[in-house]
Amino acid sequence: MKIIIQRVSEATVSIDNKVVGQIDQGLLLLVGVGPDDTQADLDYAVRKILNMRIFSDENGKMNLSVQDIGGSILSISQFTLFADTKKGNRPAFTGAAKPELASQLYDDFNDALEQAVPVARGRFGADMQVSLINDGPVTIVLDTKNP
């Protein structure tokens, strides 16, 4: 799995001009699933994301997790994280998992996160418009194949 983690003060996702997911302070996740991803990748990603200390404490140090601050997560499926740009000018997306596997792992990933914090979601495979206010900015790339 490849996941872009953005610390946000707020974020929304809309489909056909209707807001389908919205959070205040927390994390916006752009989630890509690869063809070799397994439950182990999912478990690793959930553990890292829930415990990642990227929110400021009372001294302004990044010492708090999304759980510590009572934050939320907005999770967006993003197969384009597996873009291959080596040849030509049009990216190839053959490195992404097939929709059946990707959809199931994406749902399982969000369900696991939701055991600890509120999770709003985009819709797998939909054309979505994502708006956010990146807080910091803090943006981190998590690749479960490179722990």
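Note that this is a predicted model, so its numbers are computed, not measured.
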Joint cluster assignment, Met52 & Leu42, ILVMFWY side-chain distance < 4.5 Å: yes
Value for CD1 (Ile5) from CD1 (Ile49), rounded to nearest 0.5 Å, stands at 4.5 Å
Do Ile3 and Val8 sit in one hydrophobic cluster, given that two such residues count as connected whenever their side-chain heavy atoms are within less than 4.5 Å of each other, even indirectly? no
With a 6.0 Å cut-off (strictly less than), is the heavy-atom count around CG of Asn89, excluding the residue itself, greater than 12? no
Stepwise, does the side chain to side chain donor-acceptor pair (under 3.5 Å) test hold for Asp43 with Gln39? CA-CA 6 Å; Asp43 293 342; Gln39 184 68 40; 2.8 Å; yes
Which heavy atom of Pro91 sits nearest a heavy atom of Thr85, and at what distance? CB-CG2, 4.3 Å
Co-membership, hydrophobic cluster, residues Val130 and Leu81, 4.5 Å side-chain: yes
Might you point out which heavy atoms bring Leu113 and Val119 nearest each other, and give the distance in Å? CB-CG2, 3.8 Å
Taking Gln104's backbone N and O only, do any of them form a donor-acceptor pair with Asp107's side chain (distance below 3.5 Å, no angle check)? no
Heavy-atom closest pair, residues Gly125 and Ser77: N-OG, 3.9 Å
Check Ser75 against Asn110 and note the closest heavy-atom contact, atom names and distance. OG-OD1, 2.7 Å
Report yes or no: does Asp68 contribute a side-chain atom to a donor-acceptor pair with the main-chain N or O of Ser65 at less than 3.5 Å? yes
Is there a path from Val46 to Ile4 through hydrophobic residues (I, L, V, M, F, W, Y) whose side chains come within less than 4.5 Å of each other? no
Are Asp41 and Leu105 close enough, and set up right, to give a side-chain contact (heavy atoms from CB on, under 4.5 Å), and what steps lead you there? CA-CA 10 Å; Asp41 294 284; Leu105 279 177; over 6 Å; no
Check for a donor-acceptor pair, side chain of Asn59 on one end and backbone N or O of Lys61 on the other, with a separation under 3.5 Å. no
What distance separates Asp108 CG from Ser103 OG, expressed to the nearest 0.5 Å? 9.0 Å
Please output the side-chain donor-acceptor pairs of residues 131-143 that fall under 3.5 Å, not counting sequence neighbours, one pair per line with the distance.
residue, atom, partner, partner atom, Å
Asn134, OD1, Val138, N, 3.0
Asn134, ND2, Thr139, OG1, 3.1
Asp135, OD2, Arg7, NE, 3.4
Asp143, OD1, Lys145, N, 2.9

For residues Ile69 and Val66, report the shortest heavy-atom separation together with the two atoms involved. CG1-O, 3.4 Å
Cluster companions of Phe79 among Ile, Leu, Val, Met, Phe, Trp, Tyr (side-chain spacing under 4.5 Å): Phe93
Does one hydrophobic cluster hold both Leu74 and Phe109, with members joined at side-chain heavy-atom distances below 4.5 Å? no
Taking distance alone, no hydrogens or angles, what donor-acceptor pairs closer than 3.5 Å link side-chain atoms of residues 15-37 to residues at least two apart or in another chain?
residue, atom, partner, partner atom, Å
Asp37, OD1, Met1, N, 2.7
Asp37, OD2, Met1, N, 2.8
Asp37, OD2, Gly34, N, 2.6

What is the minimum heavy-atom distance between Thr144 and Ala45, and which atoms define it? CG2-CB, 3.9 Å
